There are 2 protein chains.
Amino acid sequence: MPQDRAPTRIQKKNRAAILEAALNVFSAHGFRGATVDQIATEAGLSKPNLLYYFPSKEAMHEALLAELLDTWLDPLRALDDSGEPLTELLAYVHRKLEMSRDYPRESRLFANEIVQGAPRIYQALSEDLKALVDDKVALLESWMDAGRIARVHPYHLLFSIWSLTQHYADFDVQVRAVLGDEDPFDGADVFLDTLYRRLLSPHPN
Amino acid sequence: MPQDRAPTRIQKKNRAAILEAALNVFSAHGFRGATVDQIATEAGLSKPNLLYYFPSKEAMHEALLAELLDTWLDPLRALDDSGEPLTELLAYVHRKLEMSRDYPRESRLFANEIVQGAPRIYQALSEDLKALVDDKVALLESWMDAGRIARVHPYHLLFSIWSLTQHYADFDVQVRAVLGDEDPFDGADVFLDTLYRRLLSPHPN
DNA sequence: CGTGAGTTTGACCAGTTGGTCAAATAGCTA
DNA sequence: TAGCTATTTGACCAACTGGTCAAACTCACG
(Lines give C-alpha, C1' and ligand atoms only; values in the text may rest on other atoms or scores of the structure.)
Protein backbone atom coordinates (compact mmCIF):
# COMPACT_ATOMS: atom_id res chain seq x y z
CA MET A 1 0.00 0.00 0.00
CA PRO A 2 1.35 3.47 -0.81
CA GLN A 3 2.51 5.30 2.26
CA ASP A 4 0.77 8.30 3.72
CA ARG A 5 3.39 10.79 2.56
CA ALA A 6 3.24 13.10 -0.40
CA PRO A 7 2.33 11.03 -3.48
CA THR A 8 5.18 10.19 -5.82
CA ARG A 9 5.13 10.87 -9.53
CA ILE A 10 4.19 7.25 -10.20
CA GLN A 11 1.43 7.27 -7.59
CA LYS A 12 -0.13 10.36 -9.10
CA LYS A 13 -0.06 8.91 -12.60
CA ASN A 14 -1.42 5.50 -11.62
CA ARG A 15 -4.10 6.74 -9.28
CA ALA A 16 -5.37 9.02 -12.01
CA ALA A 17 -5.30 6.24 -14.58
CA ILE A 18 -7.19 3.93 -12.23
CA LEU A 19 -9.91 6.43 -11.42
CA GLU A 20 -10.30 7.24 -15.10
CA ALA A 21 -10.64 3.54 -15.95
CA ALA A 22 -12.93 2.91 -12.98
CA LEU A 23 -15.19 5.76 -14.09
CA ASN A 24 -15.46 4.18 -17.52
CA VAL A 25 -16.31 0.75 -16.21
CA PHE A 26 -18.57 1.68 -13.29
CA SER A 27 -20.56 4.16 -15.36
CA ALA A 28 -21.03 1.58 -18.10
CA HIS A 29 -21.96 -1.43 -15.98
CA GLY A 30 -22.87 -0.29 -12.47
CA PHE A 31 -21.05 -1.39 -9.35
CA ARG A 32 -21.92 -5.07 -9.36
CA GLY A 33 -21.54 -5.33 -13.10
CA ALA A 34 -18.03 -3.91 -13.05
CA THR A 35 -15.03 -6.18 -12.53
CA VAL A 36 -11.68 -5.32 -11.05
CA ASP A 37 -9.94 -7.11 -13.92
CA GLN A 38 -11.71 -4.91 -16.44
CA ILE A 39 -10.70 -1.77 -14.62
CA ALA A 40 -7.11 -2.98 -14.31
CA THR A 41 -6.88 -3.81 -18.01
CA GLU A 42 -8.36 -0.47 -18.99
CA ALA A 43 -5.90 1.31 -16.71
CA GLY A 44 -3.00 -0.66 -18.18
CA LEU A 45 -2.11 -2.31 -14.89
CA SER A 46 -2.16 -5.83 -13.51
CA LYS A 47 -4.89 -6.61 -11.03
CA PRO A 48 -2.58 -6.95 -8.01
CA ASN A 49 -0.93 -3.71 -8.98
CA LEU A 50 -4.26 -1.95 -9.07
CA LEU A 51 -5.08 -3.34 -5.64
CA TYR A 52 -1.79 -1.89 -4.44
CA TYR A 53 -3.26 1.57 -4.99
CA PHE A 54 -6.83 0.96 -3.89
CA PRO A 55 -7.53 -1.68 -1.25
CA SER A 56 -10.75 -2.86 -2.87
CA LYS A 57 -13.26 -2.38 -5.65
CA GLU A 58 -15.48 -0.68 -3.11
CA ALA A 59 -12.74 1.84 -2.35
CA MET A 60 -12.46 2.91 -5.98
CA HIS A 61 -16.18 3.37 -6.23
CA GLU A 62 -16.23 5.37 -3.02
CA ALA A 63 -13.41 7.59 -4.21
CA LEU A 64 -15.26 8.34 -7.42
CA LEU A 65 -18.58 9.08 -5.74
CA ALA A 66 -17.06 11.29 -3.07
CA GLU A 67 -15.32 13.40 -5.68
CA LEU A 68 -18.41 13.43 -7.87
CA LEU A 69 -21.07 14.52 -5.43
CA ASP A 70 -19.18 17.64 -4.58
CA THR A 71 -18.62 18.85 -8.12
CA TRP A 72 -22.06 17.69 -9.11
CA LEU A 73 -23.73 20.17 -6.81
CA ASP A 74 -21.50 23.11 -7.70
CA PRO A 75 -23.92 24.49 -10.28
CA LEU A 76 -26.68 24.59 -7.69
CA ARG A 77 -24.40 26.17 -5.09
CA ALA A 78 -23.63 28.88 -7.61
CA LEU A 79 -27.28 29.98 -7.67
CA ASP A 80 -26.84 33.57 -6.54
CA ASP A 81 -29.39 35.26 -4.32
CA SER A 82 -28.26 38.69 -5.43
CA GLY A 83 -28.78 38.01 -9.14
CA GLU A 84 -31.83 38.45 -11.32
CA PRO A 85 -34.00 35.40 -10.51
CA LEU A 86 -34.93 34.24 -14.00
CA THR A 87 -31.41 34.89 -15.29
CA GLU A 88 -29.95 32.93 -12.40
CA LEU A 89 -32.23 29.97 -12.97
CA LEU A 90 -31.66 29.89 -16.71
CA ALA A 91 -27.92 30.00 -16.07
CA TYR A 92 -28.30 27.08 -13.69
CA VAL A 93 -30.18 25.07 -16.28
CA HIS A 94 -27.53 25.93 -18.83
CA ARG A 95 -24.69 24.86 -16.55
CA LYS A 96 -26.38 21.56 -15.76
CA LEU A 97 -26.93 20.85 -19.44
CA GLU A 98 -23.27 21.60 -20.10
CA MET A 99 -22.30 19.07 -17.46
CA SER A 100 -24.41 16.44 -19.18
CA ARG A 101 -22.62 17.18 -22.43
CA ASP A 102 -19.11 17.36 -20.99
CA TYR A 103 -19.28 14.78 -18.20
CA PRO A 104 -21.74 12.10 -19.31
CA ARG A 105 -19.82 9.31 -17.57
CA GLU A 106 -20.09 11.08 -14.24
CA SER A 107 -23.79 11.57 -14.79
CA ARG A 108 -24.26 7.90 -15.58
CA LEU A 109 -22.18 6.82 -12.58
CA PHE A 110 -24.56 8.82 -10.45
CA ALA A 111 -27.62 7.54 -12.29
CA ASN A 112 -26.56 3.92 -11.87
CA GLU A 113 -26.12 4.46 -8.17
CA ILE A 114 -29.49 6.15 -7.69
CA VAL A 115 -31.51 3.83 -9.93
CA GLN A 116 -30.22 0.90 -7.93
CA GLY A 117 -31.36 2.45 -4.69
CA ALA A 118 -28.32 4.57 -3.77
CA PRO A 119 -27.00 1.94 -1.35
CA ARG A 120 -23.61 3.59 -1.10
CA ILE A 121 -24.65 7.20 -1.16
CA TYR A 122 -27.98 7.49 0.61
CA GLN A 123 -26.63 9.27 3.65
CA ALA A 124 -25.02 12.00 1.55
CA LEU A 125 -28.34 12.48 -0.25
CA SER A 126 -30.45 12.85 2.85
CA GLU A 127 -27.92 15.06 4.60
CA ASP A 128 -25.66 17.15 2.37
CA LEU A 129 -27.91 17.21 -0.67
CA LYS A 130 -31.07 17.83 1.31
CA ALA A 131 -29.46 20.65 3.28
CA LEU A 132 -28.28 22.40 0.13
CA VAL A 133 -31.64 21.94 -1.55
CA ASP A 134 -33.57 23.22 1.44
CA ASP A 135 -31.36 26.28 1.47
CA LYS A 136 -31.90 27.01 -2.22
CA VAL A 137 -35.62 26.31 -1.96
CA ALA A 138 -35.83 29.09 0.61
CA LEU A 139 -34.24 31.40 -1.93
CA LEU A 140 -36.67 30.31 -4.62
CA GLU A 141 -39.58 30.91 -2.28
CA SER A 142 -38.38 34.39 -1.45
CA TRP A 143 -38.25 35.13 -5.18
CA MET A 144 -41.78 33.80 -5.58
CA ASP A 145 -43.03 35.77 -2.59
CA ALA A 146 -41.63 38.92 -4.14
CA GLY A 147 -43.37 38.09 -7.41
CA ARG A 148 -40.07 37.99 -9.28
CA ILE A 149 -40.73 34.52 -10.68
CA ALA A 150 -43.98 32.62 -11.03
CA ARG A 151 -45.06 30.49 -8.10
CA VAL A 152 -44.50 26.78 -8.60
CA HIS A 153 -43.59 23.95 -6.24
CA PRO A 154 -39.93 24.79 -5.61
CA TYR A 155 -38.74 21.23 -4.95
CA HIS A 156 -40.34 19.94 -8.11
CA LEU A 157 -38.84 22.86 -9.97
CA LEU A 158 -35.39 21.66 -8.98
CA PHE A 159 -36.27 18.03 -9.74
CA SER A 160 -37.37 19.12 -13.19
CA ILE A 161 -34.06 20.82 -13.86
CA TRP A 162 -32.11 17.77 -12.76
CA SER A 163 -34.25 15.39 -14.73
CA LEU A 164 -34.42 17.43 -17.94
CA THR A 165 -30.70 18.07 -18.11
CA GLN A 166 -29.33 14.74 -16.89
CA HIS A 167 -31.63 12.95 -19.29
CA TYR A 168 -29.36 14.00 -22.14
CA ALA A 169 -26.42 12.22 -20.53
CA ASP A 170 -28.13 9.22 -18.96
CA PHE A 171 -30.46 8.43 -21.86
CA ASP A 172 -28.06 9.61 -24.52
CA VAL A 173 -28.39 6.39 -26.51
CA GLN A 174 -32.15 6.68 -26.69
CA VAL A 175 -32.07 10.37 -27.54
CA ARG A 176 -29.64 9.76 -30.39
CA ALA A 177 -31.54 6.71 -31.63
CA VAL A 178 -34.61 8.92 -32.03
CA LEU A 179 -32.96 12.12 -33.22
CA GLY A 180 -30.63 10.56 -35.76
CA ASP A 181 -27.80 12.89 -36.79
CA GLU A 182 -29.13 16.06 -35.18
CA ASP A 183 -27.06 17.25 -32.22
CA PRO A 184 -29.17 16.75 -29.08
CA PHE A 185 -27.60 19.55 -27.08
CA ASP A 186 -28.21 22.38 -29.51
CA GLY A 187 -31.93 21.67 -29.58
CA ALA A 188 -32.06 20.98 -25.86
CA ASP A 189 -30.49 24.32 -25.03
CA VAL A 190 -33.11 26.25 -26.95
CA PHE A 191 -35.96 24.06 -25.75
CA LEU A 192 -35.07 24.31 -22.08
CA ASP A 193 -34.57 28.05 -22.30
CA THR A 194 -38.05 28.43 -23.74
CA LEU A 195 -39.55 26.02 -21.25
CA TYR A 196 -38.23 27.76 -18.16
CA ARG A 197 -38.93 31.24 -19.47
CA ARG A 198 -42.56 30.35 -20.00
CA LEU A 199 -42.84 28.46 -16.74
CA LEU A 200 -41.21 31.06 -14.57
CA SER A 201 -41.94 34.46 -16.09
CA PRO A 202 -44.08 36.29 -13.55
CA HIS A 203 -47.76 35.96 -14.43
CA PRO A 204 -50.28 38.77 -14.35
CA ASN A 205 -52.93 36.74 -12.47
CA MET B 1 -37.47 -27.62 -21.44
CA PRO B 2 -41.24 -27.14 -21.57
CA GLN B 3 -42.75 -28.33 -24.81
CA ASP B 4 -44.17 -26.08 -27.46
CA ARG B 5 -47.78 -27.00 -26.71
CA ALA B 6 -50.27 -25.00 -24.73
CA PRO B 7 -48.73 -24.14 -21.34
CA THR B 8 -49.84 -26.24 -18.42
CA ARG B 9 -51.18 -24.82 -15.19
CA ILE B 10 -47.78 -25.30 -13.56
CA GLN B 11 -45.96 -23.67 -16.45
CA LYS B 12 -48.16 -20.61 -16.28
CA LYS B 13 -47.67 -20.25 -12.56
CA ASN B 14 -43.92 -20.76 -12.61
CA ARG B 15 -43.22 -18.60 -15.64
CA ALA B 16 -45.14 -15.78 -14.02
CA ALA B 17 -43.30 -16.23 -10.71
CA ILE B 18 -39.96 -16.24 -12.52
CA LEU B 19 -40.67 -13.10 -14.52
CA GLU B 20 -41.91 -11.35 -11.41
CA ALA B 21 -38.74 -12.29 -9.53
CA ALA B 22 -36.53 -11.44 -12.49
CA LEU B 23 -38.14 -8.02 -12.73
CA ASN B 24 -37.32 -7.39 -9.08
CA VAL B 25 -33.72 -8.45 -9.40
CA PHE B 26 -32.88 -6.98 -12.81
CA SER B 27 -34.48 -3.64 -12.00
CA ALA B 28 -32.59 -3.46 -8.73
CA HIS B 29 -29.14 -4.51 -9.94
CA GLY B 30 -28.99 -4.31 -13.73
CA PHE B 31 -28.29 -7.25 -15.98
CA ARG B 32 -24.72 -8.00 -14.99
CA GLY B 33 -25.41 -7.30 -11.36
CA ALA B 34 -28.29 -9.77 -11.21
CA THR B 35 -27.65 -13.43 -10.44
CA VAL B 36 -29.68 -16.43 -11.50
CA ASP B 37 -29.52 -17.81 -7.97
CA GLN B 38 -31.07 -14.63 -6.61
CA ILE B 39 -33.90 -14.79 -9.12
CA ALA B 40 -34.48 -18.47 -8.40
CA THR B 41 -34.61 -17.91 -4.65
CA GLU B 42 -36.98 -14.97 -5.03
CA ALA B 43 -39.22 -17.07 -7.30
CA GLY B 44 -39.21 -19.93 -4.80
CA LEU B 45 -37.54 -22.36 -7.21
CA SER B 46 -34.24 -24.14 -7.40
CA LYS B 47 -31.76 -22.83 -9.96
CA PRO B 48 -31.97 -25.87 -12.26
CA ASN B 49 -35.71 -25.69 -12.08
CA LEU B 50 -35.66 -22.07 -13.12
CA LEU B 51 -33.40 -22.93 -16.03
CA TYR B 52 -35.94 -25.53 -17.05
CA TYR B 53 -38.34 -22.72 -17.88
CA PHE B 54 -35.90 -20.19 -19.31
CA PRO B 55 -32.78 -21.47 -21.07
CA SER B 56 -30.57 -18.68 -19.74
CA LYS B 57 -30.36 -15.47 -17.74
CA GLU B 58 -30.27 -13.63 -21.04
CA ALA B 59 -33.59 -15.21 -22.05
CA MET B 60 -35.36 -13.94 -18.95
CA HIS B 61 -34.07 -10.45 -19.51
CA GLU B 62 -35.12 -10.56 -23.13
CA ALA B 63 -38.61 -11.75 -22.23
CA LEU B 64 -39.01 -8.90 -19.77
CA LEU B 65 -37.77 -6.23 -22.15
CA ALA B 66 -39.87 -7.44 -25.05
CA GLU B 67 -43.01 -7.33 -22.95
CA LEU B 68 -42.03 -4.00 -21.44
CA LEU B 69 -41.27 -1.97 -24.52
CA ASP B 70 -44.67 -2.61 -25.93
CA THR B 71 -46.66 -1.57 -22.88
CA TRP B 72 -44.23 1.25 -22.22
CA LEU B 73 -45.17 2.98 -25.42
CA ASP B 74 -48.91 2.51 -25.06
CA PRO B 75 -49.47 5.94 -23.52
CA LEU B 76 -47.75 7.59 -26.48
CA ARG B 77 -49.71 5.48 -28.97
CA ALA B 78 -52.89 6.68 -27.30
CA LEU B 79 -52.14 10.29 -28.24
CA ASP B 80 -55.22 11.01 -30.29
CA ASP B 81 -55.08 13.23 -33.36
CA SER B 82 -58.77 13.97 -33.15
CA GLY B 83 -58.63 15.27 -29.60
CA GLU B 84 -58.00 18.73 -28.25
CA PRO B 85 -54.18 19.12 -28.45
CA LEU B 86 -53.40 20.53 -25.03
CA THR B 87 -55.83 18.14 -23.37
CA GLU B 88 -54.31 15.21 -25.20
CA LEU B 89 -50.78 16.15 -24.18
CA LEU B 90 -51.67 16.77 -20.57
CA ALA B 91 -53.42 13.40 -20.50
CA TYR B 92 -50.28 11.80 -21.92
CA VAL B 93 -48.14 13.41 -19.23
CA HIS B 94 -50.60 12.24 -16.62
CA ARG B 95 -50.58 8.66 -17.90
CA LYS B 96 -46.81 8.56 -17.95
CA LEU B 97 -46.62 9.85 -14.41
CA GLU B 98 -49.10 7.21 -13.35
CA MET B 99 -46.90 4.55 -14.86
CA SER B 100 -43.95 5.81 -12.84
CA ARG B 101 -46.03 5.55 -9.71
CA ASP B 102 -47.58 2.15 -10.46
CA TYR B 103 -44.75 0.42 -12.32
CA PRO B 104 -41.50 1.78 -10.95
CA ARG B 105 -39.69 -1.53 -11.38
CA GLU B 106 -40.44 -1.58 -15.07
CA SER B 107 -39.22 1.98 -15.38
CA ARG B 108 -36.00 1.14 -13.61
CA LEU B 109 -35.47 -1.98 -15.69
CA PHE B 110 -35.68 0.22 -18.73
CA ALA B 111 -33.47 2.91 -17.19
CA ASN B 112 -30.78 0.39 -16.28
CA GLU B 113 -30.74 -0.89 -19.82
CA ILE B 114 -30.52 2.56 -21.41
CA VAL B 115 -28.00 4.05 -18.99
CA GLN B 116 -25.73 1.13 -19.72
CA GLY B 117 -25.91 1.77 -23.44
CA ALA B 118 -28.99 -0.28 -24.38
CA PRO B 119 -26.86 -3.20 -25.61
CA ARG B 120 -29.84 -5.56 -25.73
CA ILE B 121 -32.48 -3.18 -26.96
CA TYR B 122 -30.84 -0.71 -29.30
CA GLN B 123 -32.44 -2.08 -32.42
CA ALA B 124 -35.93 -1.73 -31.01
CA LEU B 125 -35.15 1.86 -30.09
CA SER B 126 -33.89 2.89 -33.48
CA GLU B 127 -36.65 1.07 -35.33
CA ASP B 128 -39.94 0.64 -33.45
CA LEU B 129 -39.51 3.53 -31.03
CA LYS B 130 -38.19 5.90 -33.66
CA ALA B 131 -41.01 5.06 -36.06
CA LEU B 132 -43.66 5.71 -33.44
CA VAL B 133 -42.00 8.92 -32.33
CA ASP B 134 -41.65 10.20 -35.89
CA ASP B 135 -45.31 9.54 -36.41
CA LYS B 136 -46.38 11.40 -33.29
CA VAL B 137 -43.98 14.25 -34.01
CA ALA B 138 -45.80 14.78 -37.29
CA LEU B 139 -49.02 15.10 -35.33
CA LEU B 140 -47.43 17.59 -32.93
CA GLU B 141 -46.14 19.64 -35.84
CA SER B 142 -49.55 19.75 -37.44
CA TRP B 143 -50.95 21.07 -34.17
CA MET B 144 -48.22 23.71 -34.03
CA ASP B 145 -48.77 24.67 -37.67
CA ALA B 146 -52.45 25.19 -36.91
CA GLY B 147 -51.52 27.36 -33.92
CA ARG B 148 -53.32 25.02 -31.56
CA ILE B 149 -50.29 24.63 -29.30
CA ALA B 150 -47.19 26.78 -28.99
CA ARG B 151 -44.30 25.96 -31.28
CA VAL B 152 -41.44 24.11 -29.58
CA HIS B 153 -39.00 21.47 -30.77
CA PRO B 154 -41.33 18.47 -30.93
CA TYR B 155 -38.69 15.80 -30.26
CA HIS B 156 -37.41 17.61 -27.22
CA LEU B 157 -40.97 18.07 -26.08
CA LEU B 158 -41.38 14.29 -26.00
CA PHE B 159 -37.98 13.83 -24.35
CA SER B 160 -39.05 16.27 -21.67
CA ILE B 161 -42.19 14.30 -20.93
CA TRP B 162 -40.26 11.05 -20.67
CA SER B 163 -37.58 12.51 -18.50
CA LEU B 164 -39.86 14.47 -16.16
CA THR B 165 -42.18 11.57 -15.51
CA GLN B 166 -39.75 8.67 -15.38
CA HIS B 167 -37.55 10.66 -13.02
CA TYR B 168 -40.06 10.00 -10.25
CA ALA B 169 -39.61 6.25 -10.68
CA ASP B 170 -35.92 6.03 -11.55
CA PHE B 171 -34.68 8.59 -9.04
CA ASP B 172 -37.32 7.82 -6.46
CA VAL B 173 -34.75 7.39 -3.69
CA GLN B 174 -33.28 10.81 -4.32
CA VAL B 175 -36.65 12.50 -4.62
CA ARG B 176 -37.80 11.03 -1.33
CA ALA B 177 -34.51 11.81 0.40
CA VAL B 178 -35.05 15.45 -0.47
CA LEU B 179 -38.81 15.70 0.00
CA GLY B 180 -39.03 13.82 3.27
CA ASP B 181 -42.56 12.65 4.04
CA GLU B 182 -44.38 14.58 1.35
CA ASP B 183 -45.83 12.39 -1.40
CA PRO B 184 -43.82 13.04 -4.57
CA PHE B 185 -46.59 12.20 -7.00
CA ASP B 186 -49.20 14.64 -5.70
CA GLY B 187 -46.86 17.56 -6.11
CA ALA B 188 -45.51 16.28 -9.41
CA ASP B 189 -48.96 16.03 -10.89
CA VAL B 190 -49.76 19.65 -10.17
CA PHE B 191 -46.31 20.85 -11.15
CA LEU B 192 -46.27 19.07 -14.50
CA ASP B 193 -49.76 20.22 -15.32
CA THR B 194 -48.72 23.83 -14.74
CA LEU B 195 -45.47 23.38 -16.63
CA TYR B 196 -47.02 22.01 -19.79
CA ARG B 197 -49.93 24.43 -19.74
CA ARG B 198 -47.56 27.36 -19.65
CA LEU B 199 -45.20 25.85 -22.19
CA LEU B 200 -47.81 24.83 -24.70
CA SER B 201 -50.68 27.27 -24.43
CA PRO B 202 -50.81 29.09 -27.77
CA HIS B 203 -48.95 32.37 -27.51
CA PRO B 204 -50.20 35.69 -28.85
CA ASN B 205 -46.88 36.58 -30.55
C1' DC C 1 26.91 2.62 -7.06
C1' DG C 2 24.61 0.85 -3.06
C1' DT C 3 20.66 0.62 -0.36
C1' DG C 4 16.13 1.05 1.26
C1' DA C 5 11.66 2.37 -0.10
C1' DG C 6 8.36 2.20 -3.70
C1' DT C 7 6.41 -0.64 -7.33
C1' DT C 8 5.12 -4.71 -9.98
C1' DT C 9 3.96 -9.40 -10.76
C1' DG C 10 2.96 -14.63 -11.13
C1' DA C 11 0.97 -17.93 -8.59
C1' DC C 12 -2.52 -18.76 -5.86
C1' DC C 13 -7.09 -19.04 -3.07
C1' DA C 14 -11.79 -19.56 -1.64
C1' DG C 15 -16.25 -18.20 -3.03
C1' DT C 16 -19.49 -17.30 -6.73
C1' DT C 17 -21.06 -17.45 -11.37
C1' DG C 18 -24.05 -19.38 -15.29
C1' DG C 19 -25.18 -23.58 -16.76
C1' DT C 20 -25.53 -29.10 -17.35
C1' DC C 21 -27.15 -33.72 -16.48
C1' DA C 22 -28.90 -37.97 -14.98
C1' DA C 23 -31.87 -39.52 -11.82
C1' DA C 24 -35.84 -38.97 -9.00
C1' DT C 25 -40.53 -37.40 -8.37
C1' DA C 26 -45.23 -35.60 -9.38
C1' DG C 27 -49.25 -35.10 -12.55
C1' DC C 28 -52.26 -36.54 -15.96
C1' DT C 29 -54.88 -39.48 -18.78
C1' DA C 30 -56.27 -43.87 -20.83
C1' DT D 1 -53.74 -47.83 -11.66
C1' DA D 2 -50.25 -48.21 -15.48
C1' DG D 3 -47.50 -45.73 -18.10
C1' DC D 4 -46.09 -41.64 -20.21
C1' DT D 5 -44.93 -36.82 -19.80
C1' DA D 6 -43.94 -32.83 -17.13
C1' DT D 7 -41.43 -31.17 -13.28
C1' DT D 8 -37.90 -30.99 -9.78
C1' DT D 9 -33.52 -31.70 -7.77
C1' DG D 10 -28.63 -32.80 -5.97
C1' DA D 11 -24.30 -33.17 -7.64
C1' DC D 12 -21.36 -31.33 -10.56
C1' DC D 13 -18.40 -28.28 -13.81
C1' DA D 14 -15.48 -24.83 -15.88
C1' DA D 15 -14.98 -20.01 -15.88
C1' DC D 16 -14.73 -16.05 -13.36
C1' DT D 17 -14.87 -13.20 -9.09
C1' DG D 18 -12.41 -10.14 -5.54
C1' DG D 19 -8.51 -10.42 -3.11
C1' DT D 20 -3.67 -12.15 -1.02
C1' DC D 21 1.25 -12.86 -0.81
C1' DA D 22 6.02 -13.47 -1.22
C1' DA D 23 9.33 -12.62 -4.38
C1' DA D 24 11.19 -9.78 -7.77
C1' DC D 25 12.10 -5.57 -9.82
C1' DT D 26 12.75 -0.32 -10.24
C1' DC D 27 13.64 4.06 -8.61
C1' DA D 28 15.50 8.04 -6.09
C1' DC D 29 18.94 9.68 -3.40
C1' DG D 30 23.08 9.82 -0.44
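Protein chains get the first letters and strands the later ones, always in sequence-line order, with residue 1 at the start of each. The model shown is predicted, which means the values in this text are computed figures rather than measured ones.
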Salt-bridge criterion met for [X] and [Y] (N-O under 4.0 Å):
| X | Y | answer |
| --- | --- | --- |
| Glu88(B) | Arg148(B) | no |
| Arg176(B) | Asp181(B) | no |
| Glu62(B) | Arg120(B) | no |

In whole angstrom, what separates [X]'s [atom1] from [N]'s [atom2]?
| X | N | atom1 | atom2 | result |
| --- | --- | --- | --- | --- |
| Ile18(A) | dT7(C) | CD1 | C1' | 12 Å |
| Arg32(A) | dT16(C) | CZ | C1' | 11 Å |
| Gln11(B) | dT8(D) | CD | C1' | 13 Å |
| Lys12(A) | dG6(C) | NZ | P | 16 Å |
| Asp37(A) | dC13(C) | CG | C1' | 15 Å |
| Leu51(B) | dT8(D) | CG | P | 13 Å |
| Lys13(A) | dT7(C) | NZ | C1' | 10 Å |
| Met60(A) | dG18(D) | CE | P | 9 Å |

Centre-to-centre under 6.0 Å for His153(A) and Phe191(B), is that the case here? no
Does Arg101(A) count as lying over the ring of Tyr168(A), i.e. NZ or CZ under 6.0 Å from the six-ring centre, within 45 degrees of the axis? no
Do Arg105(B)'s NZ or CZ and the ring of Phe26(B) fall within the cation-pi criteria of under 6.0 Å and 45°? no
What's Ala34(A) touching, base or sugar-phosphate or nothing? Going by heavy atoms closer than 4.0 Å. sugar-phosphate
Tell me what Arg9(B) touches on the nucleic acid: a base, only sugar-phosphate, or nothing, going by heavy atoms under 4.0 Å. sugar-phosphate
Parallel, tilted or perpendicular: rings of Tyr155(A) and Phe159(A) (30°, 60°):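 It falls in the tilted class, 30° to 60°.
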Using only side-chain N and O atoms of Asn14(B), determine if any of them is under 4.0 Å from OP1 or OP2 of dT8(D).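 The answer is yes; a side-chain N or O of Asn14(B) sits under 4.0 Å from OP1 or OP2.
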Kindly say if Tyr52(A) contacts the phosphate of dT8(C), meaning a side-chain N or O under 4.0 Å from OP1 or OP2.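 For dT8(C), OP1/OP2 do not have a side-chain N/O of Tyr52(A) under 4.0 Å.
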Nucleotide nearest Lys57(B) (side chain, heavy atoms from C-beta), chosen from dT7(C), dG18(C), dG27(C): dG18(C)
Got Leu158(A) and Leu76(A) here, is their nearest side-chain heavy-atom distance under 4.5 Å? yes
Quick check on Tyr103(A): does its OH atom have over 12 non-hydrogen neighbours (other residues, nucleotides or ligands) under 6.0 Å away?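 No, not enclosed.
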Along DNA chain D (nearest heavy atom to each residue), the more 5'-positioned of Phe31(A) and Thr8(B): Thr8(B)
Using five pairs at each end of the helix from dC1(C)-dG30(D) to dA30(C)-dT1(D) to define an axis, what is the angle between those two axes, to 10°?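 Computed from the C1' atoms at both ends, the axes differ by 10°.
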Within residues 39-50 of chain A: residues closer than 4.0 Å to DNA chain C (heavy atoms):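 Ser46(A), Pro48(A), Asn49(A), in order of number.
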